[in-house]
Novice: 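Quick one: structure below, then a few questions.
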Amino acid sequence: MDLDAGSMEMIDRKFLAVVIVVLAVVGIGGAATILGTPLLEQVPPPDELPGTQTMAVTSGDVVIWAEAEYWQDFMPPVDPDPPFYVLISVNITNNGNTSIEDLRAPRATIYFNGTFTPLVTLELVQTIETLVPIVINPGQSFVITYMNDRSSIFSPTIEAGTGLYSRILFIWGDGNEAILTTVPAGLSYTY
């Protein structure tokens, strides 16, 4: 089979296009790994910007709301990349007749206050490991705290006091989920 110069050029272009796509995909994942921030699916922004009132989500007989604290740790001062931290408290009230279990908040997207502009999406982990799973019985309320996963460092350049709010994906039971929005809070610094 003889290929003319035009056919060879077309094959070369297709091969080059495939190589560029592969490098782009690997490059984005590699850059995220190098920067220490995993690529997570963003929790979408709210339809309306949050105000100063706590926004509870009611799903059936379950009432859930969240609050967040943000800070950047500049201690010790020799650390060139001061890590960013978020602590999220999720409050759950079970007004139903059955127990709620398998509670988790896998990720949160943090937004700048007064905007729909995301800062980052972070993986969340529960702050206290429990030996037995948390179960919220009928008529009970419970608070679970989550923090960003410390195995990946996120180190933005943000001024102290910058207003932020979070959108948290919260999942429980057999696939029930809600997106929680926190009241805006200012970024604190630890020196």
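Keep in mind that what you see is a predicted model, and the values were worked out from it rather than measured.
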Novice: What is the minimum heavy-atom distance between A56 and W65, and which atoms define it?
Specialist: CA-CB, 3.8 Å

Novice: To the nearest 0.5 angstrom, please state how far the OG1 atom of T162 sits from the CD atom of Q72.
Specialist: 9.5 Å

Novice: Evaluate the side-chain proximity of N148 to R150: yes if any heavy-atom separation is below 4.5 Å, no if none is.
Specialist: yes

Novice: Decide whether I92 and L124 are clustered together by the hydrophobic rule: side chain heavy atoms of Ile, Leu, Val, Met, Phe, Trp, Tyr closer than 4.5 Å, transitively.
Specialist: yes

Novice: Of the non-hydrogen atoms in S166 and A68, which two are nearest, and what is the gap between them?
Specialist: OG-CB, 4.3 Å

Novice: Mind checking whether P83 and S155 have side chains closer than 4.5 Å, heavy atoms only?
Specialist: no

Novice: Rounded to the nearest 0.5 Å, what's the gap from OG1 on T58 to CD1 on I64? Could you check?
Specialist: 8.5 Å

Novice: Measuring from M147:CE to Q126:CD, what's the distance to the nearest 0.5 Å?
Specialist: 10.0 Å

Novice: Between atom CG of L180 and atom CG of N91, what is the distance when rounded to the nearest 0.5 Å?
Specialist: 9.5 Å

Novice: Counting C-beta onward and ignoring hydrogens, is there a side-chain heavy-atom pair between I134 and F142 closer than 4.5 Å?
Specialist: yes

Novice: Considering all heavy atoms of both residues, which atom of I136 and which atom of N94 are nearest to each other, and what is their separation?
Specialist: O-ND2, 3.0 Å

Novice: Check for a donor-acceptor pair, side chain of S188 on one end and backbone N or O of W71 on the other, with a separation under 3.5 Å.
Specialist: no

Novice: Hey, are the side chains of V90 and I88 touching, using non-hydrogen atoms and a 4.5 Å cut-off?
Specialist: yes

Novice: When clusters are formed by joining ILVMFWY residues with side-chain heavy atoms under 4.5 Å apart, either directly or through shared neighbours, do I179 and V183 land in the same one?
Specialist: no

Novice: Any side-chain heavy atom of S99 within less than 4.5 Å of one from Q140?
Specialist: no

Novice: Side-chain heavy atoms nearer than 4.5 Å, only ILVMFWY residues, links allowed to pass through others: does that put F154 and L87 together?
Specialist: no

Novice: Determine the minimum heavy-atom distance between E159 and L187, stating which atoms define it.
Specialist: O-CD2, 3.7 Å

Novice: Quick check: closest heavy atoms across E48 and F116, and the distance to 0.1 Å?
Specialist: C-CE2, 4.3 Å

Novice: How long is the span from the CD atom in E67 to the OG1 atom in T182, to the nearest 0.5 Å?
Specialist: 9.0 Å

Novice: Give the cluster check for V57 versus W172: same hydrophobic cluster or not, with ILVMFWY residues linked at side-chain heavy-atom distances below 4.5 Å.
Specialist: yes

Novice: Atom CD1 in I171, atom CG in D102: separation rounded to 0.5 Å?
Specialist: 8.5 Å

Novice: Give me the atom names and distance for the closest heavy-atom approach of P106 to L169.
Specialist: CD-O, 3.3 Å

Novice: Can you tell which of R167, Q42, E41 makes a side-chain contact (heavy atoms from CB on, under 4.5 Å) with R107?
Specialist: E41

Novice: Check the hydrophobic clustering (I, L, V, M, F, W, Y; side-chain heavy atoms under 4.5 Å; chains of links allowed) and say if F170 and V63 are grouped together.
Specialist: no

Novice: Would a 4.5 Å heavy-atom cut-off, applied to side chains only, mark N113 and L164 as touching?
Specialist: no

Novice: Considering only heavy atoms from C-beta outward, does the side chain of Y85 approach that of Y70 to under 4.5 Å?
Specialist: no

Novice: Between Y111 and Y165, how do the two ring planes meet: parallel, tilted or perpendicular, split at 30° and 60°?
Specialist: parallel

Novice: With the side chain counted from C-beta on, respond yes when P118 and I110 share a heavy-atom pair under 4.5 Å apart, and no when they do not.
Specialist: no

Novice: Given 3.5 Å as the limit, does a donor-acceptor pair link the side chain of T109 with the main chain of V43, or not?
Specialist: yes

